[in-house]
Amino acid sequence: MSDNNLDQLYREVILDHNRSPRNAEPLEKPTIEAEGFNPICGDKLKVELELDDKKCIKDVSCQSCGCSISVSSASIMGEEIRGKSVKEARELVEKFRAMMAGKEKMESDTGDLEALEGVKKFPVRIKCALLAWATLAQGIDQAKSGKVDVAKTEEDL
Ligand code: ZN
């Protein structure tokens, strides 16, 4: 596939997630909640996780309000972390940051995560793509530091 076709495909993935964001409904009983705001663009979002057995992400909600990059990134993130352990999700955040910094390539289960890599070419939009991930990391880190009832040791997570 040529680079142009690839860009087109990635654009389609982002537009599709923006048109119909996945996991946008609030959860009834979230275990972890965090809110994020990107003042540069005005993107806002709330991430909620429901944990199973205090360590596996049973359900996820990303309620976002912002530009297409922030909304689609949140939607794609939700699809990626559902069913993963909290530890795996936290590691994925660091991988995503490394991808946006051009240091790492990612391969995702859905193939959608790769679509966001193109955003790194537009430095001003990187914060839009990172917002959901930074908010997820903040929620997990706060939970681990004791604000929420979640397994706290590295072994547990
Ligand atoms: Zn934005």
Side-chain angles (χ1 to χ4, degrees), residues 1-28 30-51 57-84 86-145 147-148:
M1 210 185 296
S2 79
D3 268 7
N4 265 345
N5 286 341
L6 207 59
D7 279 353
Q8 187 61 38
L9 176 74
Y10 285 169
R11 217 175 346 248
E12 284 301 320
V13 169
I14 288 173
L15 287 175
D16 180 55
H17 277 276
N18 181 50
R19 262 193 306 262
S20 44
R22 325 297 196 255
N23 312 304
E25 291 294 314
L27 301 184
E28 272 181 31
T31 320
I32 293 179
E33 291 174 84
E35 288 183 41
F37 176 55
N38 169 21
I40 296 170
C41 182
D43 310 315
K44 274 186 200 168
L45 123 145
K46 183 172 185 187
V47 175
E48 295 176 337
L49 304 178
E50 186 183 343
L51 303 187
I57 299 170
K58 189 170 133 196
D59 208 354
V60 52
S61 161
C62 297
Q63 301 146 55
S64 41
C65 170
C67 70
S68 59
I69 301 290
S70 69
V71 171
S72 60
S73 185
S75 174
I76 290 168
M77 182 185 82
E79 293 290 274
E80 285 300 321
I81 63 172
R82 180 195 300 279
K84 287 196 164 63
V86 172
K87 185 176 184 224
E88 287 167 334
R90 190 64 183 78
E91 285 167 358
L92 204 60
V93 172
E94 295 313 316
K95 275 192 169 177
F96 187 81
R97 283 185 171 139
M99 177 176 81
M100 296 314 280
K103 291 179 191 155
E104 193 164 345
K105 292 265 174 202
M106 290 183 92
E107 279 179 30
S108 60
D109 302 342
T110 58
D112 287 359
L113 203 47
E114 294 87 331
L116 293 164
E117 193 181 357
V119 176
K120 76 180 184 206
K121 286 184 273 183
F122 308 98
V124 72
R125 309 308 299 280
I126 291 177
K127 278 197 188 300
C128 303
L130 281 175
L131 179 64
W133 301 80
T135 307
L136 171 70
Q138 179 193 312
I140 292 174
D141 294 348
Q142 277 176 359
K144 283 171 77 176
S145 68
K147 277 183 76 179
V148 185

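Position 1 is the first residue of the sequence; numbering continues from there. All ligand and atom numbering here is 1-based and tracks the order in the structure. From a predicted model like this one, the values you see are computed outputs, not experimental measurements.
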(message) Can you list everything that forms a side chain to side chain contact (heavy atoms under 4.5 Å, CB included) with E25? Sequence neighbours excluded, please.
(response) none
(message) My understanding is that only residues two or more places apart in sequence, or in another chain, count here; which of them pass side chain to side chain contact (heavy atoms under 4.5 Å, CB included) with E117?
(response) M99, K105, K120
(message) Using modelled atom types and a 3.5 Å cut-off, is there a donor and acceptor pairing between side-chain atoms of R22 and backbone atoms of S20?
(response) yes
(request) Check whether any side-chain heavy atom of R11 sits under 4.5 Å from a side-chain heavy atom of Q8, and report yes or no. (result) yes
(request) Quick one: which residue pairs count as a ring-ring contact (aromatic ring centres under 6.0 Å, His included) with a foot in residues 117-142, not counting sequence neighbours? (result) F96-W133
(message) Can you count the protein N/O/S atoms lying under 2.8 Å from the Zn ion (ligand 1), leaving waters out?
(response) 5
(request) Count the heavy atoms belonging to other residues, nucleotides or ligands that lie under 6.0 Å from NZ of K127, then report whether that count exceeds 12. (result) no
